[in-house]
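What follows is a short report on a single structure.
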Amino acid sequence: MTGTTDPSLPDFEAWFHQAPSGYLITDDIGRITAVNDTFLHWTGHSRPNLLGSKLQDLMPVGDQILYSTHCIPQLGITGAVSEIVIEIIGADNERRAALLSASRSPASGQDHGNVRVIIFSAHERRMYERELVTALRVAEESEARRARAEKELHHLALHDALTGLLNRAGLEATLEQFLTPPPGDTNAIAALFIDLDHFKAVNDSLGHAAGDELLVSVARRLLPTTRRNSTVARLSGDEFIVLETVAGPQEATALAARLLAILKAPMLIQGLEIVTSASIGVAIAEKDGESIEELIRRADIAMYRAKALGRSRWELHIPAESDPSVDRLRALGELRHGINDGALRVHYQPRIDLHTGHTVGVEALVRWQHPTRGLLPPSEFIGMAEESGLIRSLGAWVLQETLKQAERWYQEDSNSAKLEYAVNLSARQLNDPGLVHMVEDALRRRKVDPSRLLLEITETALMSDPEAALESLTRLKDVGVSLAVDDFGTGYSSLTYLKKFPVDELKIDRSFITGLNSNTGDTAIVGSCIDLAHAVGIRAVAEGVETSEQAQTLTSMGCDLAQGFHFARPLPAPLLAAWLHASTQQRQDTHKPGP
Ligand code: C2E
Ligand code: CA
Ligand code: CA
């Protein structure tokens, strides 16, 4: 924080630390750059712990999603979010309910050069509720005052402070009238989802005050256009909803056209004449009592289409029309539930020492037992988990589950003590500042020797930012785990980095193993990968070995380990244990002297 030079202004630094709310400042990519004493006191975290980490790291998974799908986009669009209910995990691992508000600084604040900062304030939700309760109690002294206070609180809770329109909660509370039409009423409910075009540009160029003024003007224009039996609400940012009883789709789209025309008329904002436009999505409630959320969701889909078709227009939603981004959000919700509700599974594929034929380890491969689609392979959900950030909790779960299994196998059969457990890390996990702590924590909980854990990172992930990767690998190596370069041959490593990276093995990509013996190019590549690994003093591992010829060729080429369907497919834990037992038995039988 920089002090102020204007003597008429308060000392902001002192104010910042003593403010009744917790305050955090982050840079534009979400890293915490300052935190006030109130926040530290409230959460029990230490300042060095928080600086540099991300705010969402302090939230439970569900709230991380809310934050990344709701707060972040809204911050991008309107520059501010207010009073989002989230939970913050304190140093004691306890969750604290908080009301989070945030705003972005203008792009070129003097204090921060061209760096945008986001200022978050969080205060304990309980405190907020307590304040309301106190307000009620004070008002109780006089019945009239109490009634007034209650009414005000009620109004506050249901209305948007800026425009005075209903907010989302208010919208829900007034729906009764719509959802229970008088008997014999043939009218339908239409939802008009209104989103201003280029609102962000107004905010960015003229500032938030102008943006707010514009929103108020829009609200003022929307209100009189609607009839007695209709509702206008502001959902968030520059999104408004009009609910109206109509005789049919035509009446609804006519209303949309009228609203477009009304909004297009110039508005006077801070002495400037501004012409704005909106995109409107229209949906008509289905006869069989469709829920209001569903109706608004469909109007939202139509609004997106209006945007895509060039803005400043309305579009009508046709029932059964689906939207890819909405499908994706739904899938993401399912995956989040899947992770929390124990729907993930780990299968284990044996890794064989080609010199001795012994199973020396397993690779943990995640699956998702989907409620309707069956057991899904990682290709169906890892990408989505990476993009959304869910990979952090997914990856942590796979690691914990694998180590739990390792401990269990050891208790059942001490022969398994030497098995090595390979777990895949995604690129996003590698860049996560909390990774090392997560790994250490998982190891500590299970008392598994770190040297028995092998973390696999793809060559592409390593080479996307080799210097950062080198740092992460070095820190992981300090924990005592082993490291592997996965899918080697697909990511253009340089020998320089391969020598620098503290890795223990190189896993030759399956595509080259497939061409072994049949494709001379692939055979040569596999040969040089093995030589390369040995030249830098690490083991070479072949994956995707499907035939005994491939296994033989690899053995003769000096490859150290192999895994693939030829030996075993990835198996659920109980089957893997049976497989291990049977293969040990078989080996003992072959080595027994004949009768
Ligand atoms: P990967 O790390 O290269 O894993 C090997 C993949 O090859 C596995 O696919 C395995 O089932 C398959 N495979 C093994 N032997 C053979 C074979 O002989 N022939 C053929 N055709 N395939 C074979 P899977 O389980 O579908 O996993 C795909 C990828 O998903 C993995 O590739 C890995 O990148 C990713 N993945 C799996 N589990 C995790 C996880 O827990 N975290 C992360 N971040 N990624 C994971
Ligand atoms: Ca792997
Ligand atoms: Ca691989």
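For the numbers below, each heavy atom of this structure counts, side chains included, while hydrogens, waters and symmetry mates do not.
Partners of Phe381 by ring-ring contact (aromatic ring centres under 6.0 Å, His included), not counting sequence neighbours, listed by chain and number: Trp368. His534 pairs by the ring-ring contact (aromatic ring centres under 6.0 Å, His included) definition with nothing, not counting sequence neighbours. Every residue meeting the side chain to side chain contact (heavy atoms under 4.5 Å, CB included) condition with Asp441, not counting sequence neighbours, appears here in chain and number order: Arg444, Arg445. Scanning for side chain to side chain contact (heavy atoms under 4.5 Å, CB included) contacts around His337 gives Asp341, with sequence neighbours left out. For Glu467, the salt bridge (charged side-chain N to carboxylate O under 4.0 Å, His left out) partners at least two apart in sequence or on another chain are Lys500. Glu294 is linked by a side chain to side chain contact (heavy atoms under 4.5 Å, CB included) to Glu290, Ser291, Arg297, Arg298, counting only residues two or more places apart in sequence or in another chain. Taking the ring-ring contact (aromatic ring centres under 6.0 Å, His included) definition, one finds that Phe567 meets it with nothing, sequence neighbours left out. Evaluation of the side chain to side chain contact (heavy atoms under 4.5 Å, CB included) rule for Lys418 yields no partner, not counting sequence neighbours.
In this structure, CD1 in Ile513 is found 6.5 Å from SG in Cys559, a value given to the nearest 0.5 Å. Atom CD of Gln552 is separated from atom OG1 of Thr547 by 8.5 Å, given to the nearest 0.5 angstrom. Rounding to the nearest 0.5 Å places OG1 of Thr555 at 11.0 Å from CE of Met557.
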Checklist entry - Can Leu354 and Leu561 be said to form a side-chain contact (heavy atoms from CB on, under 4.5 Å), step by step? => result CA-CA 5 Å; Leu354 286 172; Leu561 301 189; 6.0 Å; no
Next on the checklist: Run the side-chain contact (heavy atoms from CB on, under 4.5 Å) test on Leu454 and Val423 for me, step by step, so that the C-alpha distance in whole Å, both residues' side-chain angles and the decisive distance to 0.1 Å come before the verdict.
Outcome noted: CA-CA 6 Å; Leu454 174 79; Val423 173; over 6 Å; no
Item to check | Criterion side-chain contact (heavy atoms from CB on, under 4.5 Å) on Ile352 and Val545, from CA distance to verdict | outcome: CA-CA 11 Å; Ile352 316 293; Val545 179; over 6 Å; no
Item to check | Trace of the side-chain contact (heavy atoms from CB on, under 4.5 Å) decision for Thr402 with Tyr348 | outcome: CA-CA 9 Å; Thr402 306; Tyr348 301 89; 3.9 Å; yes
Checklist entry - What do the steps show when you test Lys507 against Glu456 for salt bridge (Lys or Arg N to Asp or Glu O under 4.0 Å), and what is the final call? => result CA-CA 9 Å; Lys507 289 189 87 173; Glu456 300 191 358; 2.8 Å; yes
Next on the checklist: Does Asp27 form a side-chain hydrogen bond (donor to acceptor under 3.5 Å, both in side chains) with Thr33? I'd like the steps, not just the answer.
Outcome noted: CA-CA 7 Å; Asp27 60 17; Thr33 55; over 6 Å; no
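Side-chain contact between Leu375 and Arg345 is present, with heavy atoms from C-beta onward closer than 4.5 Å. Residues Leu399 and Leu425 fail the side-chain proximity criterion, which asks for heavy atoms closer than 4.5 Å. Considering only heavy atoms from C-beta on, Ile382 stays 4.5 Å or farther from Asn424 through its side chain. Inter-residue side-chain proximity for Thr359 and Ser583 is flagged as met; some heavy-atom pair is nearer than 4.5 Å. Within the 4.5 Å cutoff, side-chain heavy atoms of Val362 are placed close to those of Leu576. Contact of the Leu455 side chain with the Leu476 side chain is registered, since non-hydrogen atoms from C-beta on lie closer than 4.5 Å. Annotation: side chain of Glu543 is in contact with side chain of Asp509 (closest heavy-atom distance under 4.5 Å). For the pair Ile457/Leu473, a side-chain contact is recorded, criterion being any heavy-atom separation below 4.5 Å from C-beta on.
Put simply, the side chain of Glu386 never gets that close to the backbone of Gly383: no donor and acceptor are under 3.5 Å apart. Checking side-chain atoms of Thr38 against main-chain N and O of His17 turns up a donor-acceptor pair under 3.5 Å. Proximity of a side-chain donor or acceptor of Asn36 to a complementary backbone N or O of Tyr23 within less than 3.5 Å is detected. Ser451 contributes no side-chain N or O that, together with a main-chain N or O of Val481, makes up a donor-acceptor pair within less than 3.5 Å.
Counting only N and O atoms by type, the side chains of Asp486 and Thr458 include no donor and acceptor under 3.5 Å apart. A donor-acceptor pair shorter than 3.5 Å can be found between the side chains of Gln563 and Gln349. With 3.5 Å as the limit, one finds a donor-acceptor pair spanning the side chains of His370 and Glu334.
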For residues 43-52, tabulate all N or O donor-acceptor pairs below 3.5 Å that involve a side-chain atom, not counting sequence neighbours.
residue, atom, partner, partner atom, Å
Thr43, OG1, Phe39, O, 2.9
Thr43, OG1, His45, N, 3.3
His45, NE2, Ile89, O, 2.9
Ser46, OG, Asn49, N, 3.4
Arg47, NE, Val35, O, 3.4
Arg47, NH2, Val35, O, 3.0
Arg47, NH2, Asp37, OD1, 2.7

Output side-chain donor-acceptor pairs under 3.5 Å for residues 404-411, partner residues at least two apart or in another chain, one line each.
residue, atom, partner, partner atom, Å
Gln405, OE1, Arg408, NH1, 3.2
Glu407, OE1, Arg446, NH1, 3.1

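What you find for Asp522 and Ser511 is that their closest heavy atoms are OD2-O, 3.8 Å. Ala364 and Val346 make their closest contact through CB-CG1, 3.6 Å (heavy atoms, listed as atom of the first residue, atom of the second, distance). The shortest non-hydrogen separation linking Pro570 to Leu365 is CG-CD1, 3.7 Å.
The list of salt bridge (charged side-chain N to carboxylate O under 4.0 Å, His left out) pairs with a residue in residues 552-581, not counting sequence neighbours, is empty. Screening residues 420-437 for salt bridge (charged side-chain N to carboxylate O under 4.0 Å, His left out) gives Arg351-Glu420, Arg392-Asp432, Glu420-Arg539 as the qualifying pairs, with residues at least two apart or on separate chains.
Salt bridge present: Arg373 and Glu380 bring a charged side-chain N and a carboxylate O closer than 4.0 Å. Under the 4.0 Å criterion applied to side-chain N and carboxylate O atoms, Lys477 and Asp504 are assigned as salt-bridge partners.
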